[in-house]
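What follows is a single structure, written as structure tokens, with notes after it.
In what follows, chains are A, B, ... by sequence order, proteins preceding strands, each numbered from 1.
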Amino acid sequence: MSAVIDILISASFWAAVIRIASPLILATMGELICERAGVLNLGIEGIMVIGAFTGWMAVYQGLPLWGGVAVAMAAGMMFGLLHSTLTVPFGLSQHVVGLGVTLLATSSASFAYRLMLPEVTSPPKIAPFQPLNVPGLSDLPWLGDALSQTALTWAAFAVAGLVAWVLYRTPLGLAVRAVGEKPAAVEAQGLSVTGLRMGAVIVGSGLMAVGGAFLTLSAFSSFFFEMVNGRGWICIALVVFGAWKPGKAVLGAILFAAFDALQIRLQQTPLGAALPYQLFLALPFILSVLALILMSRRAEVPAALMVPYNKGER
Amino acid sequence: MSSTGPGAEVVLRLDRISKSFGALKANDAVSLTLRRGEVVALLGENGAGKTTLMNILFGHYLADDGGVEVFGQPLPPGKPKAALAAGVGMVHQHFTLAGNLTVLENIRLGTDALWSRGHGGARAKVERLSRDFGLAVHPDAKVGRLSVGERQRVEILKALYRDARILILDEPTAVLTPQESEALFATLRKATALGLSVIFISHKLHEVMAIADRCVVLRHGRVVGEVDTHATDKGQLAALMVGGELSLPRAEARVAGEVLMQLDRASTPDRGTVPGLRSVSLALRAGQITGLAGVSGNGQAALAEIIAGLALPASGSISLRGVPVARWTPGEALAQGVARIPEDRHHQGSIADFDLTENAVLESYRSRFSRRGWMNWRAAREFAQGIIRAYDVRCPGPETRIRLLSGGNMQKLILGRAMASDPVVILANQPVRGLDVGAIAYVQSQLIAARDRGAAVILVSEDLDEIIGLSDVIHVMSQGRLSPAFVRGTMTAAELGLWMAGQKFEGADAA
Ligand SMILES: Nc1ncnc2c1ncn2[C@@H]1O[C@H](COP(=O)(O)OP(=O)(O)OP(=O)(O)O)[C@@H](O)[C@H]1O
Ligand SMILES: [Mg+2]
């Protein structure tokens, strides 16, 4: 027990929590925007892979780190455009299109990788984002260590704040919230259902890709095919956990990251020696499922989620 | 030239609008003009094309032919935004409000540029409008929690907030209580006095007579008549709509048979502000129409659920032919011959994306239309076709998805389905809501015919004329309580009204 408390009060633990949460927050915000507009984006897993790959490759080819982020975002938006064209004006099944986008994005990443680096056996490294030295903050005793984070992490939290602000404080956000609930209301007020939904999916997909790029440009320094490793699916669960609200979703991401950071550290304690390590690997997922069940009982699902809208039909 | 009335400026001109859905001509060269300060009623049977015409005017649908002019300017087709900008406001037959947003948010939606911060002053304007027009709603209430009457007010506020000069109301009173309808008319009178023009769609001719200056009648997508309201009467309007004389059926008194279903001191818990049943005892007899009068939201829904097998009373009992029931589910109720015409045809009565055949056999596909687990689709289709013919359901055919039907036609299909199983107990919950006069006469005569075959009919309605005209015995519901039974001919509408208001219950309780 005291081992757990030791872990929980250490600054390095919290630094890890924030680091693990950052890509989840970015991609969760992306998914949340899509779903608030009424479109389930199951392309998230593949779009994160594409983001991780293109961001890393762009930097490897000589672009600055922020250039890599921009390239990843643009690549994600391209796949968002594909997804939304098929699901919004054409009204195809969002499940089928989403899984298709995930497959397409994942395989295009491996195809491009082989094409661009035919000879390589282990992927080349890049110089990733370094922890930011914030004057005043970094010198504080415990907090300074916990908040020793890269610029992309700070950006992730800023994005979450921005999404919340846009969603709840601007006419654009109002329209997005309305189009996921009752597209007929949006149309009757003279706005374009198609435009809003496609815009939301494109921007949301861009954020997912940046979430993926976080892995190669900030968390690690290279690209592996398995590195996204189901994080996209976690983000979909986090949106539900957060009841489609940005603040709660960020909390969910931090909670999941805490379980994840905890299990790694628990494996190194005497307890970890006694129990099979698979149990620890499963811990964040088990606890997430439990939290999901508790939290989402009373959530208000966007009423028109996954319901295509056809103008001129009733 | 006066500023309102006959000589006034023309604000809206529809010119030879045509629109087809497949083989069906929903609008056929329809022309219509609207003047400043005028209320024009648009009348017509279910499926005559009223909503279609208004959807074209507002830009939801694209017309195949014809044009729209607002204040002398042609309106670009297919653009609700342009219609709104030109001063057209529309209250749709089915509300277009987002339930997760507040009243104020629903009203502001789309009024500010998307990339702006939005300007202040909206709340003050909404508050001023709701005061001026008598449209009381709380700006910060979540729309999902509002009653239909309140939602209706939000829809009108939406139009007024955008300074609409032309207001289209598509069956605004279909779901309102009589009191709420009165309040709506008061609002409309204020609006027209200020120079607004109104197109008003309703099947309730007494409302049309009360509020409209002029009536335009559509039949099968064509204008078949245009009359000044003060130069006509209800009978003539009804005849114009259906294209012939129409007599409302009246049920003659009959000797009732045995008790088919009985509720004994049934009680249910309250649901929010809607009261549950308070020790309700009720006997439904063969060959008798039992009328249940009352303003909706006074426990009728709870009673209907018990009869249909959707719920059991928390205390008290229900028995069939004198035998108390233990297991009571919708399937069991159907098997026992309880048919229902649900109040909410969209959510309880039908599955929107199923076609007419599938919807027609929803309640009987296992018993009548399948053998050894295989569906007999040919028989099902013939069955659906039979209902379509017998009940005059206007549609392209049995393979049409039911969501494409006009509201009245949907109701006719559900009625046909309920009657086809030769039910012994028929729960008719607001069976003529949204129906045209011809369809009403037809539905009512079918209910009488079912009674004459020996069925027990329970008719739930807010319309006292309907209740008095059809029922052999009448009960009134108020605050979850049930009045004693009144035999046909012993009660006037005024007396029933006192019971509905709840005043008489106090006296009865004391006695
Ligand atoms: N989008 C659509 N697709 C196919 N058919 C349609 C569509 N909209 C309307 N219709 C058909 O056009 C006809 C006219 O429908 P409309 O809704 O205009 O009738 P209405 O006069 O408003 O009837 P009600 O009084 O029942 O509301 C109906 O037969 C309907 O089934
Ligand atoms: Mg209509």
Provide the closest heavy-atom pair for B:Gly99 versus A:Glu181 in the form atom of the first, atom of the second, distance.
-> N-CG, 3.7 Å
Supply the atom-to-atom distance B:His92 NE2 to A:Glu187 CD, rounded to the nearest 0.5 angstrom.
-> 7.5 Å
Against chain A, work out which of B:Gly59, B:Ala113, B:Pro80 has the most heavy-atom pairs shorter than 4.5 Å and name it.
-> B:Pro80
Here the pair of heavy atoms bringing A:Ala188 nearest to B:Thr96 is CB-OG1, 3.7 Å
Region of B:Phe58 that comes under 4.5 Å of a non-hydrogen atom in chain A = side chain
Measure A:Trp244 against the heavy atoms of chain B and call it side chain, backbone, both or neither at under 4.5 Å.
-> neither
Between A:Pro171, A:Ala185, A:Gly190, which shows the greatest number of heavy-atom pairs under 4.5 Å with chain B?
-> A:Pro171
What part of B:Ile56 lies closer than 4.5 angstrom to a heavy atom of chain A: side chain, backbone, both or neither?
-> neither
Between A:Ala303 and chain B, which part of the residue has a heavy atom less than 4.5 Å away: side chain, backbone, both or neither?
-> neither
What pair of heavy atoms forms the shortest contact from A:Ala175 to B:Leu114, and how long is it?
-> CB-CD2, 3.9 Å
So do B:Asp112 and A:Leu174 actually touch side chain to side chain, heavy atoms under 4.5 Å?
-> no
Chain A heavy atoms under 4.5 Å from B:Leu84: which part of the residue, side chain, backbone, both or neither?
-> side chain
Distance from A:Lys182 atom NZ to B:Leu101 atom CG, nearest 0.5 Å?
-> 12.0 Å
Please flag which part of A:Val186 lies under 4.5 Å from any non-hydrogen atom of chain B: side chain, backbone, both or neither.
-> both
Determine whether more than 12 heavy atoms belonging to other residues, nucleotides or ligands lie under 6.0 Å from atom NZ of B:Lys25.
-> yes
CD-CG distance between A:Gln189 and B:Asn106, expressed to the nearest 0.5 angstrom = 7.5 Å
